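Keep in mind it's a predicted model, so treat the numbers as computed, not measured.
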Amino acid sequence: MNILIIGATFGIGNALAEKYSDQCENLVLLGRTEARLTQLQKDFANKKARILTEILDVTQEEDCQKKLTSLIEKISKLDKVIYCSGYYEPDKTFEINLKLFKKTMDINFIGLINVCSVILPLFQKQRSGHLAVVSSLAGFGGLPNSSSYGPSKAAMMNYIESIKIDCDKFNIKTSIINPGFVKSRLTEKNTFDMPFLMSADKAADIIVDGLKKEKYEITFPLPMKILFKILRILPRNIYFKIVKLITKS
């Protein structure tokens with residue numbers, strides 16, 4: 001099995017890389033930080049998988065497509081692609097930072113499309129493959145201080161829903177992964193209480209298990225999954241009251 005992880009240098013992507021380093025033949029790890037990629041090569045040197053690394057900025061369309069195409073040529077077939085690249089900063093409603101909105105959307109959503117422009121045609125040609133995308137519970141509904149991050153994650157959810165039926169026709173599996181709060185460089189920016197905060201290692205265990213079972217939706221932890229599912233179907237006036245209460249806005 002050959003696996004490609006995009007955004008493998010930190011957080012969930014890094015934890016997934018460690019899990020899969022003993023479970024596949026070729027493990028391709030992509031990220032923006034060269035020093036981290038070099039370290040991963042050393043860390044996984046004695047693992048089962050052959051480790052290939054490449055510096056990749058998903059927001060650079062031509063470079064992204066060129067590097068992905070080159071990597072695919074080296075291993076000929078891909079079985080699983082996991083998109084973990086993500087960016088988050090809390091934002092302020094009345095101080096709109098246009099650069100923040102663009103950066104967040106470019107990394108979280110447009111970067112995904114840049115990757116899929118190469119990966120989906122490959123999977124179609126193979127008539128097999130599994131595309132997994134790390135979104136967030138924040139994509140289920142609008143939350144305070146998340147007016148740039150939440151919509152980018154909602155776009156990811158909608159995109160995977162939009163392509164699923166066509167992907168099914170070619171035996172291409174799709175998975176949308178919606179974690180709650182996971183310890184990372186991104187969540188360290190939060191100044192509020194984060195219920196059910198879990199380690200990246202635990203989150204990776206849940207994701208690996210879900211992908212093994214080829215689940216379309218992997219949403220966790222369970223209490224927050226239930227809460228956000230309920231919030232999603234509530235009348236908006238009730239939704240806003242509950243969100244205001246739980247976020248102490």
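- Between the side chain of Asp91 and the backbone N or O of Ser148, at least one donor-acceptor pair lies under 3.5 Å.
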Intermediate values then yes/no, side-chain contact (heavy atoms from CB on, under 4.5 Å), Leu30 and Leu71: CA-CA 10 Å; Leu30 308 180; Leu71 284 165; 3.5 Å; yes
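- Between Glu89 and Thr104, the closest side-chain pair of non-hydrogen atoms is not below 4.5 Å.
- Expressed to the nearest 0.5 Å, how far CZ of Phe220 lies from CD1 of Ile206 amounts to 5.0 Å.
- Put simply, the side chain of Ser85 never gets that close to the backbone of Ile107: no donor and acceptor are under 3.5 Å apart.
- Side-chain atoms of Asn145 do not come within 3.5 Å of backbone N or O of Pro90 as any donor-acceptor pair.
- For the pair Asp79 (side chain) and Ile3 (backbone), a donor-acceptor distance under 3.5 Å is absent.
- Across every non-hydrogen atom of Ser136 and Met157, the tightest pair is O-CE, 3.0 Å.
- Closest heavy-atom contact between Ala49 and Leu27: CB-CB, 4.0 Å.
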Please output the side-chain donor-acceptor pairs of residues 109-126 that fall under 3.5 Å, not counting sequence neighbours, one pair per line with the distance.
{"from": "Asn114", "atom 1": "ND2", "to": "Val58", "atom 2": "O", "distance (Å)": "2.8"}
{"from": "Ser117", "atom 1": "OG", "to": "Gln65", "atom 2": "NE2", "distance (Å)": "2.8"}
{"from": "Ser117", "atom 1": "OG", "to": "Asn114", "atom 2": "O", "distance (Å)": "2.6"}
{"from": "Gln126", "atom 1": "OE1", "to": "Leu78", "atom 2": "N", "distance (Å)": "3.0"}
{"from": "Gln126", "atom 1": "NE2", "to": "Leu78", "atom 2": "O", "distance (Å)": "2.9"}
{"from": "Gln126", "atom 1": "NE2", "to": "Ser128", "atom 2": "O", "distance (Å)": "3.2"}

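- Between Asp63 and Lys66 there is no salt bridge, since no side-chain nitrogen of the basic residue lies less than 4.0 Å from a carboxylate oxygen of the acidic one.
- Looking at Asp201, its side chain never comes within 3.5 Å of a backbone N or O of Ala15 through a donor-acceptor pair.
- The shortest distance between side-chain heavy atoms of Ile230 and Ile242 does not fall below 4.5 Å.
- Between Asp22 and Lys47, at least one side-chain N (NZ, or NE/NH1/NH2) sits under 4.0 Å from a carboxylate O, which counts as a salt bridge.
- Across all their heavy atoms, Pro151 and Ser146 have their closest contact at CD-O, 3.5 Å.
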Worked check of side-chain contact (heavy atoms from CB on, under 4.5 Å) between Leu40 and Asn14: CA-CA 9 Å; Leu40 291 179; Asn14 182 246; 3.2 Å; yes
Side chains of residues 158-165: which donor-acceptor pairs under 3.5 Å do they make with residues two or more places apart or in other chains?
{"from": "Asn158", "atom 1": "OD1", "to": "Ser162", "atom 2": "OG", "distance (Å)": "3.2"}
{"from": "Ser162", "atom 1": "OG", "to": "Asn158", "atom 2": "O", "distance (Å)": "2.7"}
{"from": "Lys164", "atom 1": "NZ", "to": "Asp168", "atom 2": "OD1", "distance (Å)": "3.3"}
{"from": "Lys164", "atom 1": "NZ", "to": "Asp168", "atom 2": "OD2", "distance (Å)": "2.9"}

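- With sequence neighbours left out, Asn26 forms a side-chain hydrogen bond (donor to acceptor under 3.5 Å, both in side chains) with Asn2, Arg50.
- Annotation for Phe101: hydrophobic cluster partners, listed by chain and number, are Ile96, Leu98 (ILVMFWY side-chain heavy atoms under 4.5 Å, direct or chained).
- Both Leu222 and Ile176 are assigned to one and the same hydrophobic cluster, defined by single-linkage of ILVMFWY side chains at heavy-atom distances under 4.5 Å.
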Salt bridge (charged side-chain N to carboxylate O under 4.0 Å, His left out) between Lys169 and Asp166, worked out: CA-CA 5 Å; Lys169 298 173 185 176; Asp166 284 333; 3.1 Å; yes
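- Considering only heavy atoms from C-beta on, Phe228 stays 4.5 Å or farther from Thr219 through its side chain.
- Heavy-atom minimum distance, Leu37 versus Gly31: CD1-O, 3.7 Å.
- Residue Lys102 holds its NZ atom at 7.5 Å from OG1 of Thr59, rounded to the nearest 0.5 Å.
- Taking every heavy atom of both residues into account, Pro179 and Val134 meet most closely at CG-CG1, 4.1 Å.
- Counting only heavy atoms from C-beta outward, the side chains of Leu16 and Cys84 approach each other to under 4.5 Å.
- Closest non-hydrogen pair, Gly142 versus Tyr239, comes out as O-OH, 2.5 Å.
- Applying the side-chain hydrogen bond (donor to acceptor under 3.5 Å, both in side chains) rule to pairs touching residues 229-238 yields Glu217-Lys229, sequence neighbours excluded.
- The NZ atom of Lys212 lies 7.5 Å from the CD atom of Gln23; values are rounded to the nearest 0.5 Å.
- Here the straight-line distance linking atom CG of Asp209 with atom NZ of Lys19 works out to 11.5 Å at 0.5 Å rounding.
- A side-chain donor from one of Asn171 and Lys173 sits under 3.5 Å from a side-chain acceptor of the other.
- Residues forming a side-chain hydrogen bond (donor to acceptor under 3.5 Å, both in side chains) with Gln60 (at least two apart in sequence, or on another chain): none.
- The structure places CG of Leu29 at 12.0 Å from CG of Leu56, a figure rounded to the nearest 0.5 Å.
- Taking NZ from Lys153 and CG from Leu137, the interatomic distance works out to 11.0 Å, rounded to the nearest 0.5 Å.
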